[in-house]
Amino acid sequence: MRPAPYALSRAYAIVRRHDRTIHLMSNRYHIFFVASGVIFIAASIIGLLGALKVAHPIVLLDFFPFANIRPLHTFLSISAVLVGLQGLVLAIVDRPSSRLWFWAYCGALGLFVVGGVAALATGQGTGREYFSWPIVLSAPLLAAWMMFLSKILLAGRQMERRSPEGFWLIGFGSVFILSGFLESHFWRFQPIAANFVQDLTIQWHGIDTFFAGINAVLYGCGVFMLSPTPKRVRSGILFGVAGFSLLFTFGHHHYISPQPNFLKTLAFIASMLAMVSFWRHLSAYKKSANLALSQNYALPLWRTVQLWTLVSIATGVLFAVPQLNLIVHGTYLVLIHAMGAMIGVNFMIIIAGGLIFSANRRQIRPARIRWGVRLVNVSLIGLWLILGTAGALKGIIRVDGDYYDFQPLREIALYGFPLIGAVLLGGIALLNNEMIRANLVTRQRNRKTRNRLVIFLSKHLGRRRRRPQPLLEFEANRMNPTVSRPHAERPVNTAPEEQISHDIKAEDFPLSEVQEKEKFVN
C-alpha cells in the first residue's frame, strides 16, 4: 500500500479537480455577473468624478482631466453591458463548455477591459465617440464575440424551441452588434477618413447599429426570463418595422451636417415609426402591474425597465423632430437620454437576470432590491430635471445669443449634479452588491464540498487505523493492568513505591478470557 502522504496528496488532487469542474462547468456564467457588477460600480465612480468636474471644473484639474474621465466612463459602461449581456445569454444557453474554451473566452474579454482601462486612464485613446479604446484592443473583443456567436449557433435549435421570439431577438441583435462594431472601424480606411461627411455618417450608423443590437439581445433575454412558455415570433410586418427603424434612425443625430437629404428623410421616418414600439411598450407597462413572477424581487426591476423604455422611446421620437433637434443637439438633454436608456433599461435587465440566474437565490434580500430601485429611479428623475434644464437653457439661448449668455445660467443649474450623482451611485452599488453577493455563494458551497471530500478520501486512502474495540472489552482492558495501554490513558498515582507494591494483590486483578476458559476446563 502507498504511504499515507502520497495517498493524501492524491486525494487532495482529485478533490481540487472535482471542485474546479463544479465551479467552471456548472456555474461558468456567474463570473460574468460578478465582473459586470464590479465594472458598473467602477463606471459609476468615474461618472461621479465627471459630474464633479462638470459642476466644479477646478476639482482635480491637473490630476485627472475631463478629457480622460469622459472616454473612460463610456468605455466602462459599454464593457459592463457587454460582459453582463454575455453572461445572460450563456445562462440561457446553459451548455457545457470545455476548460480551454472558457479560459480563452474570459482571457480575451479580460484583456479588452483591463487594457482599455489602462490606456484610457493614461489618455491613450483614439478620441472617437464611444469607441474610444485603442484599435489594437478590438482584436481580443472580436475574438471573444466570435466565440460567443459560435455558442449561440450551436444552441440555436434548442433556444428556438424554448422561445422562438427570444432566440430571434438574441440572434439578429448579436449580428447587429458585430456589424456596428466592424462599421465603427471603417474610419481607418483612408478614403473614408479623408471625407468628413462620410466619416461622420458611417460613424453614427455604426454606433446606432451597435446599441440597437445590444437592446435587441437584452430584450430577447427578457423574453426568456419572463415567458414560462414558448413565445412565438411576432409578425413579419412588426419585425420589418423594427429592422427599418434600427437601421436608419442614425441620421437624426446630425441633421445639421451636410449628409445626403435622403438619409435625413429616412431617419425622420424611421424615428416616427418608433411610436409603434412606444404603444406596444405602454400596453405592456399597464399589464405589468398585475404581472405574477416566481421571484417577487424581480417585479420592481421589470417595472423600472418598462418605465424607462417608454421614456427613452418618447424622448427619442421628440428629439428626432428637426425643429426640436436644433435645440437639443449637443446639449445635456442628449446625455440624460443616453443615461436613462443605459441605466434604467440595460443595467436593470442585467441586474434582474443576474439575480434570477444567481447561484443561491436565498441570499437575495428583496428589501434592498426595492431600495436600490427607488434610489436609481429618484436619481434618474433628478438628473432629467437638472441636465434637462441645463440643456434647454443652452439650446434655447444659443440660437440668439453666445456662449457667455447661457454659460453662467448653465453652471447654476448644474450645482446639484454631483449630489444626484452620489445618490445614483448608492442605488447602483446597492443593486450590484446584491447581484455579486448572490453569485459568489457558489464558491463557498464548493469549498464546503471540497472539505467534506478531503475528509472522506483521507480516511479511505490514508493508512488503515486500528479498528476500535467494543465498549465492554475496552472497559475490561482498562481495568486490567496486563493489557498495554497508551501512556495518556494510564492513571497517575502519586503514592510512594512501597505503598504501591504493598497495596497490590493478586486477587485484585480480574481474570482474562483465556484464564477463565482454563479454569472452567480444569
Side-chain angles (χ1 to χ4, degrees), residues 29 32 36 77-94 109 130-131 141-142 144-160 162-184 204-227 230-236 238-250 270 273-274 276-277 280-281 284 302 305-306 308-309 312-313 316 338 341-342 344-350 352-354 357:
Y29 48 80
F32 292 93
S36 178
S77 302
I78 293 173
S79 300
V81 171
L82 286 177
V83 173
L85 174 150
Q86 294 176 66
L88 285 179
V89 176
L90 291 177
I92 291 169
V93 170
D94 197 18
L109 277 179
Y130 293 108
F131 295 88
L141 179 60
L142 180 61
W145 197 255
M146 296 307 295
M147 297 172 70
F148 174 73
L149 286 177
S150 67
K151 200 75 171 176
I152 296 177
L153 290 176
L154 291 175
R157 186 169 298 179
Q158 174 192 358
M159 294 174 66
E160 189 176 10
R162 291 169 56 191
S163 177
E165 182 174 359
F167 167 69
W168 284 106
L169 283 171
I170 292 176
F172 89 78
S174 302
V175 174
F176 267 40
I177 293 174
L178 179 62
S179 173
F181 172 78
L182 295 176
E183 192 175 3
S184 297
W204 274 105
H205 187 269
I207 291 173
D208 258 29
T209 306
F210 181 81
F211 283 104
I214 287 177
N215 294 334
V217 173
L218 288 176
Y219 285 140
C221 295
V223 171
F224 276 98
M225 289 185 283
L226 281 177
S227 301
K231 188 176 182 181
R232 62 184 179 86
V233 182
R234 66 185 69 182
S235 64
L238 290 177
F239 257 118
V241 171
F244 178 79
S245 298
L246 294 176
L247 286 173
F248 292 104
T249 54
F250 72 97
L273 284 176
V276 177
S277 178
R280 288 176 58 86
H281 282 284
W302 289 118
V305 168
Q306 292 170 341
W308 291 107
T309 299
S312 299
I313 296 174
M342 182 70 75
V345 181
N346 298 342
F347 167 72
M348 288 295 181
I349 292 178
I350 292 173
F357 296 115

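Because the structure is predicted, anything quoted here is derived from the model rather than measured. Computation of the quantities below employed the complete heavy-atom set of this structure, encompassing side-chain atoms and omitting hydrogens, waters and symmetry-equivalent molecules.
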I349 CD1 to L85 CG distance, which is reported to the nearest 0.5 Å: 9.5 Å
Nearest heavy-atom neighbours spanning S245 and A274: OG-N, 4.4 Å
Could you pull out every donor-acceptor pair under 3.5 Å between side chains of residues 146-160 and any protein atom, sequence neighbours left out?
{"from": "S150", "atom 1": "OG", "to": "M147", "atom 2": "O", "distance (Å)": "2.5"}
{"from": "K151", "atom 1": "NZ", "to": "P96", "atom 2": "O", "distance (Å)": "3.4"}
{"from": "K151", "atom 1": "NZ", "to": "S97", "atom 2": "OG", "distance (Å)": "2.6"}

Contacts of Y219 that satisfy side chain to side chain donor-acceptor pair (under 3.5 Å) - sequence neighbours left out: T309
Those residues that, when tested against F131, pass ring pair (Phe, Tyr, Trp, His ring centres under 6.0 Å) (two or more places apart): W133, F210
Residues in ring pair (Phe, Tyr, Trp, His ring centres under 6.0 Å) contact with F32, at least two apart in sequence or another chain: Y105
Residues that A216 engages under side-chain contact (heavy atoms from CB on, under 4.5 Å), provided they are two or more places apart: F172
Residue pair L169 / G220: nearest heavy atoms and the distance that separates them: CB-CA, 3.7 Å
Spatial distance of atom NE2 (H205) from atom CG (L247) [nearest 0.5 Å]: 5.5 Å
Contact check, side chains of I214 and L82, non-hydrogen atoms, under 4.5 Å: yes
M225 side chain near W302 side chain, heavy-atom distance below 4.5 Å: yes
A338 versus Y130, closest heavy-atom pair with distance: CB-OH, 4.3 Å
Of all pairs that satisfy salt bridge (Lys or Arg N to Asp or Glu O under 4.0 Å), the ones with a partner from residues 165-174, not counting sequence neighbours: E165-K231, E165-R234
Heavy-atom closest contact (F224 atom, S163 atom, distance): CE2-CB, 3.7 Å
Any side-chain heavy-atom pair of F176 and V217 under 4.5 Å: no
Side chain to side chain donor-acceptor pair (under 3.5 Å) partners of D208, counting only residues at least two apart: T249, H253
Residue pairs, two or more places apart or on separate chains, that pass side-chain hydrogen bond (donor to acceptor under 3.5 Å, both in side chains) and touch residues 168-178: none
Minimal non-hydrogen separation, G84 against I350, with atom names: CA-CG2, 3.9 Å
Value rounded to 0.5 Å, distance of CD1 in I207 from CZ in F211: 7.0 Å
Partner set under ring pair (Phe, Tyr, Trp, His ring centres under 6.0 Å) for F357, not counting sequence neighbours: none
Residues W145, Q86; criterion side chain to side chain contact (heavy atoms under 4.5 Å, CB included); working and verdict: CA-CA 9 Å; W145 197 255; Q86 294 176 66; 3.8 Å; yes
Set of side-chain contact (heavy atoms from CB on, under 4.5 Å) partners for S277, sequence neighbours left out: H281, I313
Any residue meeting side chain to side chain donor-acceptor pair (under 3.5 Å) with T209, in chain and number order, not counting sequence neighbours: none
Residue pair L218 / L88, side-chain heavy-atom distance below 4.5 Å: yes
Heavy-atom closest pair, residues S184 and G180: OG-O, 2.8 Å
